[in-house]
Peer 1: 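One structure, pasted below without further comment.
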Amino acid sequence: MTVVTETPNEAVNALTDEQIAVLAEHVENAELKAQDITKITTEYPQMTWKDAYDIQWAIRARKEARGNKIVGMKMGLTSWAKMAQMGVETPCYGFLADYFSVPDGGAIQTDQLIHPKIEAEIAFVTNKPLKGPGVHIGDVLNATEFVIPAVEVIDSRYENFRFDLKSVVADNSSSTRFITGGMMADVKDVDLKTLGVVMEINGEIVEVGAGAAVLGHPASSVAMLANMLGERGEELPAGTFVMTGGITAAVTVNKGDSICVRYQGLGSVSARFV
Ligand code: OOG
Ligand code: MG
């Protein structure tokens, strides 16, 4: 298995500032109206990594201008199961806005989403700033306040949940909702590599996995995020909630489903799609 962990360092734009602004509005509207769209690269095959992340940062700025708060970050496509499922080999990041957060045991309004899927993840909350380049697992563990179970609900805005990596980056890496809960733990007290997860939908087991599926160790996902942000001159501030990426393949959910993900020694996270 070959996992590309170098970050794409193509720091050039092929799109104009105006095209980036128009595309940010277009993709964000698809999210807000829960209407799918054609992937960006179909019309703009020249889009670069820089363009794609610029579109994502422009969507983030649109939400902040509207008064939404950014409450965390997420890494995506960090496990082989996810990369194989989506046909891509490079991890990506996205941001989490305040209204994405759903309480443990809470209800998710399925009609606000296009074609949601759920992912079992391990989240970190940091207590020191992390700024790339050069951030490694040791830095991350030294800067971790606690780890906590999290379930991400992803919802690509692209037709049939089909995309290439640049298009998904521009779509905030399919971020839409997340549920965090169960029990928090000190990183000293858990072996994040062997930490097992069991995903259930309506009481039936649909996926199982262990933390090592995420880039060998979930902390390396946080390090990679800090290094990717460093390329843009950004840092991960102390106190950031970071989801490290789905451990197993994502699973489609439908209105009426109850989901529960059990984390070895850390309790469970559940939600209902209503
Ligand atoms: C991209 C987002 C993937 C994860 O945890 O791997 C992601 C997608 O598959 O739509 O959030
Ligand atoms: Mg995810």
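Read the numbers this way: they start at 1 and go in the same order the structure lists the ligands and their atoms.
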Peer 1: Any nitrogen or oxygen of V168, side chain or backbone, less than 3.5 Å from one on ligand 1?
Peer 2: no
Peer 1: Counting each atom of ligand 1 from 1 as listed, which ones have a heavy atom of F163 under 4.0 Å away?
Peer 2: 8 (C), 9 (O), 10 (O)
Peer 1: M224 versus Y93: any side-chain heavy-atom pair under 4.5 Å?
Peer 2: no
Peer 1: Run the salt bridge (charged side-chain N to carboxylate O under 4.0 Å, His left out) check on E152 and K117 step by step: do they pass?
Peer 2: CA-CA 8 Å; E152 181 173 26; K117 295 185 186 182; over 6 Å; no
Peer 1: Which is closest to atom 3 (C) of ligand 1 by heavy-atom distance: R162, R157, K82, M75?
Peer 2: K82
Peer 1: Check contact between S156 and ligand 1, using heavy atoms of the residue and a distance below 4.0 angstrom.
Peer 2: no
Peer 1: Taking only heavy atoms of E119 into account, list the atoms of ligand 1 that are under 4.0 Å away from them.
Peer 2: 3 (C), 4 (C), 5 (O), 6 (O), 7 (C), 11 (O)
Peer 1: Mark up the atoms of ligand 1 that fall under 4.0 Å of a heavy atom belonging to G246, in ascending order.
Peer 2: 4 (C), 5 (O), 6 (O)
Peer 1: With no hydrogens and no angle check, do the side chains of Q112 and R177 hold a donor and an acceptor under 3.5 Å apart?
Peer 2: yes
Peer 1: Among R157, K33, R60, R66, which one satisfies salt bridge (charged side-chain N to carboxylate O under 4.0 Å, His left out) with E28?
Peer 2: R66
Peer 1: Could you check E31 against K63 for salt bridge (charged side-chain N to carboxylate O under 4.0 Å, His left out), going step by step and ending with a plain yes or no?
Peer 2: CA-CA 12 Å; E31 179 228 318; K63 293 195 188 302; 2.6 Å; yes
Peer 1: I want to know if ligand 1 touches S173 in the polar sense, i.e. an N/O pair below 3.5 angstrom.
Peer 2: no
Peer 1: Is there any N or O on L77 that sits under 3.5 Å from an N or O of ligand 1?
Peer 2: yes
Peer 1: If you stand at the Mg ion (ligand 2) and look out to OE1 of E152 and OE1 of E119, what angle do those two lines make, to 10°?
Peer 2: 100°
Peer 1: Heavy-atom contacts under 4.0 Å between Q85 and ligand 1: side chain, backbone, both, or neither?
Peer 2: neither
Peer 1: Assess whether a salt bridge exists between K82 and E121, defined as any Lys/Arg side-chain N lying under 4.0 Å from an Asp/Glu carboxylate O.
Peer 2: no
Peer 1: Short list, please: which atoms of ligand 1 are under 4.0 Å from a heavy atom of G245?
Peer 2: 5 (O)
Peer 1: For M86, take its heavy atoms, then give the atoms of ligand 1 lying under 4.0 Å from any of them.
Peer 2: 9 (O)
Peer 1: Taking atom CG as the centre, does D189 end up with more than 12 heavy-atom neighbours from other residues, nucleotides or ligands that are less than 6.0 angstrom away?
Peer 2: yes
Peer 1: Please name the atom of E121, limited to N, O or S, that comes nearest to the Mg ion (ligand 2).
Peer 2: OE2
Peer 1: Just jot down the ligand 1 atoms closer than 4.0 angstrom to any heavy atom of I154, in number order.
Peer 2: 8 (C), 9 (O), 10 (O), 11 (O)
Peer 1: Please test E145 against F124 for side chain to side chain contact (heavy atoms under 4.5 Å, CB included), starting from the C-alpha separation and ending with a verdict.
Peer 2: CA-CA 8 Å; E145 184 69 19; F124 283 62; over 6 Å; no
Peer 1: Less than 3.5 Å between some nitrogen or oxygen of E121 and one of ligand 1, yes or no?
Peer 2: yes
Peer 1: Check ligand 1 against G76 and write out every atom of the ligand that is under 4.0 Å from a heavy-atom position of the residue.
Peer 2: 3 (C), 4 (C), 5 (O), 6 (O), 7 (C), 11 (O)
Peer 1: Show me which atoms of ligand 1 lie under 4.0 Å from any heavy atom of F161.
Peer 2: 10 (O)
Peer 1: Can you tell me if D36 uses its side chain to pair, donor with acceptor, with the backbone of Y158 under 3.5 Å?
Peer 2: no
Peer 1: Test your reading of the model: is there a side-chain donor-acceptor pair from D104 to the backbone of S270, 3.5 Å cut-off?
Peer 2: yes
